Structure formats: structure tokens, C-alpha cells
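Structure, as C-alpha cells:
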Amino acid sequence: MYKAVMHMTGEYVFPDEDAALLALLRIKNTEQTWASIAGDVLLEKSASRLLAHTLDPSIPLQEVELYSPGYIQEGLFLDEDSQREIEREYDKACSDLRKWADQGLDFVSILSDRYPQQLASVHDAPPFLFASGILYPQDRGVSVVGSRQCTPAAAAFARDVTHMLVAQNLSVIAGLAEGIDAVAHRTALDDGGRTVACIGTGINLVYPPSHRDLQNEIEQKGLVLSQFYPDTEPTKQTFPLRNAVMSGYGIASIIVEASEYSGTRSQARQAQEQGRPIILHESVVEGTQWAKKYVQNGVPAPGVFVVRTVQDVEECLERILSVYERDIDALMQQMEGMSHG
């Protein structure tokens with residue numbers, strides 16, 4: 001990790017990209033979000049250059065007309081106190097990265113070649129992840145989600161769907177919650193498949209606490225991902241953010257069971273906003289008003305599938321995968337260009 005320096009040309013230089021990214025997140029204004037900053041960093045292909053521009057607007061940016069609102073306009077310079085604050089945040093970020101590395105934590109920036117490429121392609125991709133386990137940037141996975149207080153029938157359906165996903169060599173993505181999530185994770189592990197847990201806390205925590213052994217096993221055999229600082233506690237806000245990572249990481253979301261006010265509803269909405277298909281069990285459409293909106297006059301909206309059996313799910317995934325396989329080369333080329341300029 002390196003401190004900010006003044007180049008001989010008079011320009012600020014921030015040698016550590018990860019620290020520059022963290023500093024940008026910590027000095028963001030009310031017009032910016034973490035997701036918008038992540039998108040800007042991908043466009044610029046450098047957090048360091050964006051941070052240097054914030055200090056010195058005479059430093060040019062490559063795609064400034066495409067960036068989110070909030071960057072200092074050309075010719076408007078920060079006062080000395082604001083400049084010192086930015087330098088302090090960068091130095092603190094360097095210190096935090098050293099501390100996390102010493103703790104054995106794996107910090108993965110959106111600029112990293114190791115960042116999941118499917119996730120990096122969505123508009124609300126998190127700027128960084130903490131990973132514990134085996135990280136495959138080109139992983140192919142499907143989310144299996146549903147109620148925490150699931151019915152026996154829904155649990156059986158989730159189990160059978162997971163058997164099928166493992167047989168198809170697809171990673172099983174879930175949120176480590178009780179109910180359907182736990183069924184999906186447990187079944188994938190028992191089948192010898194790969195499962196990815198996207199959690200709603202920092203990577204140092206376990207929620208619910210009863211899933212400590214399950215989380216540890218997933219870390220050993222699959223992957224646990226967190227988009228939060230390592231000691232972040234669970235809140236009502238962290239779980240919808242986690243849902244967006246689940247839907248963005250995968251190629252589709254299978255919604256096994258849900259109530260009218262289930263958090264699963266947010267994943268369905270976020271998946272649609274990200275351009276990811278959703279596969280709804282017919283009981284979800286029949287039992288909730290929010291799911292009915294995805295099916296008008298018996299016709300599902302684009303990117304929406306309604307299923308009754310595991311065979312129905314398999315057929316839907318065959319159609320989705322055929323499109324995915326055609327587009328994946330273009331996606332990978334796009335992401336490679338963002339990463340390497």
C-alpha cells in the first residue's frame with residue numbers, strides 16, 4: 001500500500017487502486033451511491049485517476065460525460081481542508097487494506113480480474129467483495145430462493161431443483177438464510193455440487209448464528225461472498241442489497257415460495273432490473289399480488305417463466321442457457337476491455 005504523492009508534473013498520484021476505490025466510497029456526496037461509483041470506476045478503468053481528478057479537476061478523465069453526478073467540475077478546485085480530508089481517507093484505506101490482509105481476508109475490487117464477471121455486468125454491482133472460498137470469475141450459477149418459514153412441499157421442490165442444478169454442473173446460489181436458502185445450500189453440498197452463499201453481513205459474521213457450521217462448510221467447499229465491510233451487522237437494508245448480488249451473480253433466479261411481503265419479492269424486482277430472468281413457481285403467482293403483475297392475462301412478462309415441476313424448470317433453464325451461451329463471449333470481451341483498457 002502506498003501513500004498519495006505529488007508527481008513531478010504537479011499532479012496527484014494514488015498508487016494503490018484498491019485504496020483509491022475505498023477513498024472514493026468514503027468521500028462520496030449525496031448525489032452518488034456505491035453502485036454509481038463502481039460504474040464510474042469501471043468506465044474510467046481506474047479508481048486512482050478518479051480520486052486524483054477529485055483533488056485536481058485539471059486531470060482529465062476518459063468518459064466524464066457518462067459518469068454519475070457529483071464529480072468536481074473542471075476549473076473548480078477543493079479547498080485545502082477538503083484536499084487533506086481526501087488524503088487522510090486514502091491513507092486510512094491503505095491501513096485498512098493492510099489490516100484485512102493480515103487477518104487473512106480476501107478483498108476483491110470491481111477492477112480485479114477475479115471479480116465475478118456476470119455480477120460486474122449489472123448496473124448495481126457492488127464496488128468490492130470479500131470472498132471466502134473458491135472464486136471463479138466466470139462461474140455459472142442459478143439462485144434458489146424462497147421463504148424462511150417454508151412449507152414441506154416448497155422444501156421438497158427446492159431440494160429437487162437443486163439436485164437438477166448440480167447435475168447440470170451449475171452453481172447453486174442462495175443467501176444462507178433459514179428455510180429455502182438452507183435447503184438449497186445443504187442439498188448442493190450433500191450432492192457434491194458447488195454452492196455460493198451471498199450473505200447480508202460482513203464476512204467476519206454469521207447470520208443466523210445457527211448457520212455457523214453451514215457457512216464454514218461452504219467456505220471450505222464453495223464460496224461465501226459479502227459486499228460489506230468485514231464487521232457489518234445485519235440490518236433491514238443489508239438483505240435487499242445482498243439479494244441484488246445473488247441475482248446479479250447468477251444467470252437466473254428460481255423463486256420457490258414467497259409471501260406477499262417476502263424479501264424474495266425484492267430479488268424478483270432487482271433481477272428484472274438487471275436483465276436477469278426469473279422463474280416463478282405457480283404457487284407464488286397464485287398466492288401473491290406482486291407476482292401476478294409479472295403475468296398478464298396468463299402471459300408472463302419478458303424474462304419471466306412460470307413453472308409447476310422440476311422438468312419445467314429444466315426446460316426454462318435450457319432456453320436461458322442457450323441465450324447465455326450465445327452472449328457470453330461478447331460479455332467476456334466487454335468485461336476484459338473494462339478491466340484492461
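Keep in mind the model is a prediction, meaning the values are calculated, not measured.
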Step through it carefully: locate the ring centre of Y229, locate the ring centre of F107, and say whether they are under 6.0 Å apart.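 Centroid distance Y229-F107: not below 6.0 Å, so no.
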Please tell me whether F128 and W34 form a close aromatic pair, meaning their ring centres lie under 6.0 Å apart.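 When the ring centroids of F128 and W34 are compared, they turn out to be within the sub-6.0 Å range.
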For [X] against [Y], the heavy-atom pair lying closest together:
X	Y	answer
Q296	K293	NE2-O, 3.2 Å
A131	V108	CB-CG2, 4.4 Å
A271	S253	CB-OG, 4.4 Å
K292	E286	NZ-O, 2.8 Å

Quick test of your reading: applying ring-ring contact (aromatic ring centres under 6.0 Å, His included), list the pairs with at least one residue in residues 132-189, sequence neighbours left out, ordered by first then second residue.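 Those involving residues 132-189 are F157-H281.
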Could you see if [X] belongs to whatever hydrophobic cluster contains [Y]? Use Ile, Leu, Val, Met, Phe, Trp, Tyr and a side-chain cutoff under 4.5 Å.
X	Y	result
L176	F228	no
V256	F239	no
I218	V145	yes

N-O pairing of [X] and [Y] below 4.0 Å:
X	Y	answer
D190	R159	no
D81	R84	yes
R148	E178	no
R319	E315	no

Is there a salt bridge (charged side-chain N to carboxylate O under 4.0 Å, His left out) between D96 and K92 once you walk through the steps? CA-CA 6 Å; D96 286 342; K92 183 178 183 299; 3.2 Å; yes
When rounded to the nearest 0.5 angstrom, what is the spacing between [atom1] in [X] and [atom2] in [Y]?
X	Y	atom1	atom2	answer
C316	I278	SG	CD1	11.5 Å
R186	E217	CZ	CD	4.0 Å
Q103	N204	CD	CG	6.0 Å
Q270	Q267	CD	CD	7.0 Å

Does [X] reach the main-chain N or O of [Y] with its side chain, forming a donor-acceptor pair under 3.5 Å?
X	Y	result
T264	A258	no
N29	E31	yes
D191	G193	no

Test log, rule side chain to side chain donor-acceptor pair (under 3.5 Å), inputs S109 and E17: CA-CA 9 Å; S109 158; E17 285 282 354; over 6 Å; no
Can a donor-acceptor pair be found between the side chains of Q274 and D124 at a distance below 3.5 Å? yes
Side chain proximity check, T288 to R265, heavy atoms < 4.5 angstrom: no
Sole candidate of V172, V166, I134 that passes side-chain contact (heavy atoms from CB on, under 4.5 Å) when paired with R194: I134
